[in-house]
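Predicted model only: the values in this text are computed from it and were never measured.
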Amino acid sequence: MTLSGGDIAVPAQTRLNVRQLVLLVIAMFVAMMVLTLPVAQLDRFVSRLLPDGGADLALENTAKGFFQTAHFLAYIPFAFIWGALSDRSGKRKPILLIGMSGQAVMYFLIPFIDNIWLLYAVRFIEGTFGIAVVSMLMTMALDIAPPARRGMTLGIFTMGMLLGNAAGTPLGGSLSKLDLAYPFWLGTVLLAVISTIIFFLVKEPGAQTRAYSFRRALAAFREQPRLIIPYAFSFLDRLTVGFFISTFLLLVKEVYSLDAAQAGAYLGIFLGCFALFSPLGGILSDRLGRAKPMLLGTAIYGVTLLLIGRVAPEMLYAVMAIGGLSGAILYPPSIALVGDYASPGQRGVAMGGFNLAGSTGFAIGPILFGLIADAYGLLATPLVAGALCLLAAAVAAPILLRKEGVDTVSPELQT
C-alpha cells in the first residue's frame, strides 16, 4: 500500500514514537513562546537607548524595527551552517542543546546592554542560536515521522509551534508592565528548563545517514531542485502573516472602527483555527497526497484574504475562521514535502532552507504591505495578499499534480 504525495509515493509505515513527538511539540511551543515574549514591549525597550527616545531620529521606526531584523538576519548564513553541521555528523540533539543554551545566555544579557549598536550585535548573536533551536526541532520532527504519517506528525508539531507564537506576545506584554527585563529573563528560565528536559528525555532520532561533508549536505539543493516548492509556500505563508501583523490592524480600525482588543479577537480566531486544525491538514496530506491540500488550502486562503475589509463585521469572524482553517490545511503538507524531497543525510540543511524562506517572507511582508498601503490605500493590501496566494496555487498546480516523468519515491526509500 502506498500514499501519493502529489508526485511522491511512500509506503504506509505507521510506527511513531508518540512520547518523543510530545516532547518535541512541547519544546517547540516553548521555543516559539520565548521568541515572541519581547514583541509587545519592542517600542519601549529599544526607545530607551535612542537619543531622546527616538523622537528626533529621522529613521525612528527603522531603528526600532531593526531589533527584530537583526535576529532574522542571523538566519541567512546560520540556517545552512547548523543544518549542514547536523547532516555531516548525523546528530541533531547536540546542536539543539547548543542553540538553547546560547539563546538562554543572550536573553539573560540583553536587558543589561545600554548601547543600541551593541544591542543589535547581541540580538544577531541570539538569532544565530535561535535558528539552531527552530531548525533542529523541525528536523528532529521530520526524522521521527514515518513517511506514511509524516503529514500528521508535522501537523501536530505545527500546532505546538503556532500555539507558542500565540502565547508569547500577551504574556510578554503583561510582564513588561512590571519590568522590561522580565520577558527576557523568563525566556532564559524557560530555555534552561526545556533544555534540561531534552538532555535527559529526548533521544537522538535514530541512526541518521551522514553527509560526511558540508559540500555533500549542501548538495541537497542541486540534487533536489523540487525543494523550491515547499520553500515558495513557506515564503508566501510568512509573507501574508506580515499582512496580519501590520496593515490588517490598521485596516480593521479604519474600515470597521475597531479598537485594539477587538482587532485582536479577529486575529485570535484566525490563529486559533490555524493552530488547532493543523493536525487535520497533516492527516489530509497523508491520505490525499501533499498536492491537493496545499493547492486547495492556498486557493481558499487567497479568497478569504480578498474578502477582508469587504464584508460586514459579523461575517468577518467567519472569514477569519475559514482563513485559519485553510492555512492549517496548506502549511503542514509544505513542511512534509521537505522530508519527502530531501534525503535523510540532507534534512538538516533542507529544513534550514525552509526556515530561511519563511523568515525572509516574514521580514518582507510588513514592509511590502506598508508600501502598498501608502501608495494605494489600506484596502489594496488584502487584495494583493489574496492575489499572490491565488497566483501561487495556479503556478504550482501543474508542477505538484504532474505524475508522469517524475521520480515518485521518497529519497529515504530509494535503494
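At least one side-chain heavy atom of Phe369 sits under 4.5 Å from a side-chain heavy atom of Leu239. Looking at Gln262 and Lys253, their side chains never come closer than 4.5 Å, going by heavy atoms from C-beta outward. Side-chain atoms of Gln103 and Thr128, non-hydrogen and from C-beta on, never get closer than 4.5 Å to each other. You'll find the side chain of Leu175 stays beyond 4.5 Å of the side chain of Leu180, heavy atoms only. With contacts defined as side-chain heavy-atom distances shorter than 4.5 Å, the pair Leu295/Leu401 qualifies. Looking at heavy atoms from C-beta onward, Met320 lies out of side-chain contact with Thr304 at the 4.5 angstrom threshold. Contact check for Leu368 versus Thr381: no side-chain heavy atoms found under the 4.5 Å cut-off. Between Leu388 and Phe243, every side-chain heavy-atom pair lies at or beyond the 4.5 Å cut-off.
No hydrogens or angles considered: a donor-acceptor pair under 3.5 Å links the side chains of Ser176 and Arg44. A side-chain N or O of Asn355 and one of Ser135 form a donor-acceptor pair less than 3.5 Å apart. A donor-acceptor contact closer than 3.5 angstrom links the side chains of Arg290 and Ser285.
Phe67 has its ring centre no less than 6.0 Å from the ring centre of His71.
Once rounded to the nearest 0.5 Å, the distance linking CE of Met100 with CD1 of Ile95 reads 13.5 Å. With values rounded to the nearest 0.5 angstrom, Leu16 atom CG is found 4.5 Å from Thr153 atom OG1. Between atom CG of residue Leu227 and atom CG of residue Asp340 there is a gap of 10.0 Å, rounded to the nearest 0.5 Å. In this structure, the separation between OH on Tyr256 and CD1 on Ile308 is 8.0 Å, given to the nearest 0.5 Å. For the atom pair Met140 CE and Leu23 CG, the distance stands at 9.5 Å (nearest 0.5 Å). Note that CD1 of Ile98 is 12.0 Å distant from OG of Ser195, once rounded to the nearest 0.5 Å.
A donor-acceptor pair is defined here as one N or O able to donate and one able to accept, closer than 3.5 Å; such a pair exists between the side chain of Thr188 and the backbone of Phe108. Formation of a donor-acceptor pair under 3.5 Å by the Thr298 side chain with backbone atoms of Met294 is found in this model. When atom types are taken as modelled, the side chain of Arg149 and the backbone of Ile283 share no donor-acceptor pair closer than 3.5 angstrom. Distance alone, capped at 3.5 Å, places no donor-acceptor pair between the Tyr75 side chain and the Gly358 backbone. Judged by distance alone, the side chain of Ser86 and the main-chain N or O of Gly83 form a donor-acceptor pair under 3.5 Å. One N or O on the side chain of Asp286 and one on the backbone of Met152 form a donor-acceptor pair closer than 3.5 Å.
In plain terms, the two heavy atoms of Ile144 and Pro205 that are nearest each other are CG2-CB, 3.5 Å. Closest heavy-atom contact between Ser278 and Pro332: O-CG, 3.4 Å. Smallest separation of non-hydrogen atoms from Ile372 and Ala380: CG2-CB, 4.0 Å. The minimum heavy-atom distance linking Tyr107 with Leu35 is given by the pair OH-CA, 3.7 Å. Taking both residues in full, the closest heavy atoms of Ala167 and Phe29 are given as CB-CZ, 4.1 Å, listed atom of the first, atom of the second, then distance. Residues Leu378 and Pro382 approach most closely at O-CD, 3.3 Å, considering heavy atoms.
Ring geometry for Phe72 versus Phe362: interplanar angle of 30 to 60°, hence tilted. Ring geometry for Trp117 against Tyr120 counts as perpendicular: the plane angle is over 60°, on a 0 to 90° scale with 30° as the lower cut. Classified by interplanar angle (parallel below 30°, tilted 30° to 60°, perpendicular above 60°), the ring pair Phe274/Tyr331 is perpendicular.
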Checklist entry - After noting the C-alpha distance and the side-chain angles of Arg347 and Asp87, does the key distance pass the salt bridge (Lys or Arg N to Asp or Glu O under 4.0 Å) rule? => result CA-CA 7 Å; Arg347 283 188 189 139; Asp87 288 337; over 6 Å; no
Next on the checklist: side-chain contact (heavy atoms from CB on, under 4.5 Å), that's the test. Do Leu201 and Arg19 meet it? Break it down for me.
Outcome noted: CA-CA 9 Å; Leu201 298 180; Arg19 179 173 178 269; 3.5 Å; yes
Item to check | Verdict with supporting geometry, Ile329 and Phe277, side-chain contact (heavy atoms from CB on, under 4.5 Å) | outcome: CA-CA 7 Å; Ile329 291 174; Phe277 286 104; over 6 Å; no
Item to check | Working for side-chain contact (heavy atoms from CB on, under 4.5 Å), residues Leu249 and Leu267 | outcome: CA-CA 9 Å; Leu249 300 173; Leu267 274 180; 3.6 Å; yes
Checklist entry - Please walk me through it: do Thr139 and Arg92 pass side chain to side chain donor-acceptor pair (under 3.5 Å)? => result CA-CA 8 Å; Thr139 306; Arg92 320 292 190 198; 5.5 Å; no
Next on the checklist: side-chain contact (heavy atoms from CB on, under 4.5 Å), that's the test. Do Val202 and Ile197 meet it? Break it down for me.
Outcome noted: CA-CA 7 Å; Val202 173; Ile197 292 173; 5.6 Å; no
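The side-chain tip of Arg150 does not point at the ring of Tyr341 from less than 6.0 angstrom away and within 45° of straight on. The cationic atom of Arg48 (NZ for Lys, CZ for Arg) lies less than 6.0 Å from the six-membered ring centre of Phe45 and within 45° of the ring axis.
The local environment of NZ in Lys93 is crowded, with over 12 non-hydrogen atoms from other residues, nucleotides or ligands closer than 6.0 Å.
A ring pair (Phe, Tyr, Trp, His ring centres under 6.0 Å) check over residues 293-322, counting only residues at least two apart or in different chains, returns the pairs Tyr266-Tyr317.
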